[in-house]
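Structure first, then comments.
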Amino acid sequence: MADEKREIERKYESDDSGLPDLTGVGGVASVLDKGVVDLDATYYDTVDERLATASLTLRRRTGGADAGWHLKFPVAPGVRDEIRAPLSDTVPDEIAALVRSRVRDDELIPLVRLRSARDVRHLVDADGTLLAEASVDTVTAERLNGKGGAAQWTEIEVELADDGDPAFLDQVEKRLRKSGVRPSRSPSKLARALDQTAPRRRRTKSAQPVTAGDHVLAYLRAQRDALVELDPAVRRDVPDSVHRMRVATRRARSTLRTFRNVLDRGATDPLVAELKWLAGELGIDRDQEVLADRLTKALDAVPPALVTGPVRERLTGWAEARHRGAHSHLTGVLDSRRYLTLLDGLDRLLADPPLRKAGGKKPRKALGKAVRKDLAKVSGLVEQSMELPPGEDRDHALHEARKKAKRTRYAAEAATPAIGGPARSLAKSMKSLTSLLGEHQDSVMARHTLRELSAVAHAAGEDTFTYGLLYGRQEARAARTEEDLPGLWKKIGSSSPG
């Protein structure tokens, strides 16, 4: 079973490779000598180093108190989330799953071996509480695939204790700098090993978007990258990760649908269908998450005297049970062949794009035409919905208008680098519209859920007054959004990119 730890550390270099006395720095009362530990780590990656390219590190390490498999995800400079699993001969399944979106069907092979003699010091306060671990590491790196050489270096590493204050590391760094120690130029040992042992490659500059096709593909590539990056976060149940992955999925799908004048739909339509499937699967968990948060906040606003029966307990139980089931289902989706095939399909399209004639033209005219077409659809749906009387038909029409407004927003985002201000303004307007219509749709879904919870509570003999109260408040919120829509739509007007 894997566990997770947030690692906050800084790496340094020194000409004399020594660790200055840190007593008195930030409350350090004593520096305890913990001796030298021999560490032996083998780092795994694909042949084309996909993990390293994404700043991920996967290693099997022996020696030290945390021997085992370690997978590290970058969070911020000097901050990484480390997933740990016990020692085994092969990559543990729970670790392999977290890199599957990048590795796919390729093999993880030993890439680099790092052997370190770690001279450890514990920095403790007057009570003996550990503040940080400082070490001087003498490292030997060796390429294992026969395409490079070996390297040696010495570095200083300071790792903050669990639940420590990151500001403490600033104080330590100040003392180190005064002693001639400087921050390392490499973010990790692996990065330094790869740099110093790899055959020198010629650097090439990235081409800047020029044509309509360039801009569309750049936006689509960003969404593909987001899907791959967010996959392990969704598996780990990181807050907001499902929402962000769903947005990337929708953006990719919207891009392929809107810019059919740029990309041949004969090649893109199958991907559009699969992206719709993935967005739907992600929506199971995301919709439940939004509803649970909305209903919890609504219940918090109800005076205690008006809360009758175990409403909060029932709501909490419903939310937790639904989330467990949805997350388990979603993990299965991310392990499925269908999902991996979708990622492969996006890769192939980006590598060999099916460009139409408009794809090779200047972007402003081609992209602007596609965005205006989407905006016209939004306009028709909004106007239609405002003519309908309140009820299910209007609810459905507003929901359809919201979906088209999102598509137009994403199209405007993709066109902004080429068109500039008008597209940026349209994206902002569509965001305001989707926020208002999203509030309305959330109230529709909340009322549906409240009816279900009320029925279950009634069957259990519980008082259902509070469910009715919450239902009425959600109904009122929906009515307010419907009242606000004409004014917002008039403000948006008929703005469109040139």
Side-chain angles (χ1 to χ4, degrees), residues 45-51 53-54 56 96-108 206-207 209 211-235 241-286 329-360 366-367 370 374 403 406-407 410-411 413-414:
D45 206 335
T46 57
V47 171
D48 53 359
E49 300 178 14
R50 285 177 222 160
L51 301 187
T53 300
L56 304 182
L98 294 174
V99 297
R100 187 166 294 130
S101 64
R102 296 188 185 279
V103 175
R104 315 282 171 81
D105 294 324
D106 283 9
E107 184 182 5
L108 286 167
S206 298
T211 66
D214 291 336
H215 283 275
V216 171
L217 292 170
Y219 190 77
L220 184 61
R221 185 175 293 105
Q223 309 320 313
R224 187 278 313 273
D225 292 347
L227 289 177
V228 172
E229 180 181 347
L230 288 164
D231 176 296
V234 170
R235 293 173 185 271
S241 59
V242 173
H243 169 61
R244 292 166 60 204
M245 190 173 188
R246 190 185 189 193
V247 169
T249 304
R250 284 175 162 174
R251 281 177 167 149
R253 178 171 175 252
S254 295
T255 300
L256 294 177
R257 295 188 68 192
T258 295
F259 298 109
R260 287 171 171 168
N261 62 331
V262 173
L263 296 171
D264 184 0
R265 64 180 299 178
T268 62
D269 277 359
L271 287 175
V272 167
E274 292 304 281
L275 287 165
K276 180 180 181 180
W277 161 75
L278 180 59
E281 297 291 354
L282 291 163
I284 296 172
D285 197 7
R286 174 58 183 170
H329 172 77
L330 185 52
T331 300
V333 168
L334 298 184
D335 284 334
S336 70
R337 172 52 51 188
R338 183 175 183 179
Y339 166 70
L340 296 177
T341 299
L342 167 59
L343 295 182
D344 288 341
L346 288 171
D347 287 349
R348 286 193 297 271
L349 183 140
L350 290 166
D352 186 17
L355 292 171
R356 299 183 65 191
K357 186 177 180 180
L367 302 187
D374 274 357
K403 291 192 292 185
K406 280 189 175 183
R407 176 173 161 181
Y410 300 149
E413 287 177 351

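Since we're looking at a predicted model, the values are computed, not measured.
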Any chance you could measure [X], atom [atom1], to [Y], atom [atom2], to the nearest 0.5 Å?
X: Asp347; Y: Arg221; atom1: CG; atom2: CZ; result: 10.0 Å
X: Arg257; Y: Arg250; atom1: CZ; atom2: CZ; result: 12.0 Å
X: Leu343; Y: Ser101; atom1: CG; atom2: OG; result: 7.0 Å
X: Leu350; Y: Gln223; atom1: CG; atom2: CD; result: 10.5 Å
X: Leu275; Y: Leu342; atom1: CG; atom2: CG; result: 5.0 Å
X: Asp231; Y: Met245; atom1: CG; atom2: CE; result: 5.0 Å

Looking only at heavy atoms, what is the nearest atom pair of [X] and [Y], with distance?
X: Thr258; Y: Ala411; result: CG2-CB, 3.7 Å
X: Ala248; Y: Leu227; result: CB-CD2, 4.1 Å
X: Ala370; Y: Asn261; result: CB-OD1, 4.0 Å
X: Ala212; Y: Ala366; result: CB-CB, 3.9 Å
X: Ala97; Y: Arg235; result: O-NE, 3.1 Å

Side-chain heavy-atom pair [X], [Y] within 4.5 angstrom cut-off:
X: Arg100; Y: Leu334; result: no
X: Leu56; Y: Glu229; result: no
X: Tyr339; Y: Glu281; result: no
X: Leu51; Y: Leu108; result: yes
X: Arg407; Y: Arg253; result: no

Within the 3.5 Å criterion, strictly below it, is a donor on [X] or [Y] matched to an acceptor on the partner's side chain?
X: Asp106; Y: Thr46; result: no
X: Arg260; Y: Thr268; result: no
X: Thr211; Y: Asp214; result: yes

Handout entry: Main-chain N/O of His243 paired to Arg286 side chain as donor or acceptor, under 3.5 Å
Key =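 Flag not set: sc Arg286 to bb His243 has no pair under 3.5 Å.
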
Exercise for the section: For Ser336 and Val333, indicate whether the former's side chain and the latter's backbone hold a donor-acceptor pair under 3.5 Å. Expected result: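 Confirmed, Ser336 side chain pairs with Val333 backbone.
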
Practice task
Could you check Asp48 against Arg102 for salt bridge (Lys or Arg N to Asp or Glu O under 4.0 Å), going step by step and ending with a plain yes or no?
Solution key: CA-CA 11 Å; Asp48 53 359; Arg102 296 188 185 279; over 6 Å; no

Problem - Worked verdict on Asp264 versus Leu355 for side chain to side chain contact (heavy atoms under 4.5 Å, CB included) - result: CA-CA 6 Å; Asp264 184 0; Leu355 292 171; over 6 Å; no

Practice task
Please step through side chain to side chain contact (heavy atoms under 4.5 Å, CB included) for the pair Ile284 and Leu330, ending with a clear verdict.
Solution key: CA-CA 8 Å; Ile284 296 172; Leu330 185 52; over 6 Å; no

Exercise for the section: Before giving the answer on side chain to side chain contact (heavy atoms under 4.5 Å, CB included), spell out for Leu220 and Leu349 the whole-Å C-alpha distance, their side-chain angles and the decisive distance to 0.1 Å. Expected result: CA-CA 10 Å; Leu220 184 61; Leu349 183 140; 3.4 Å; yes

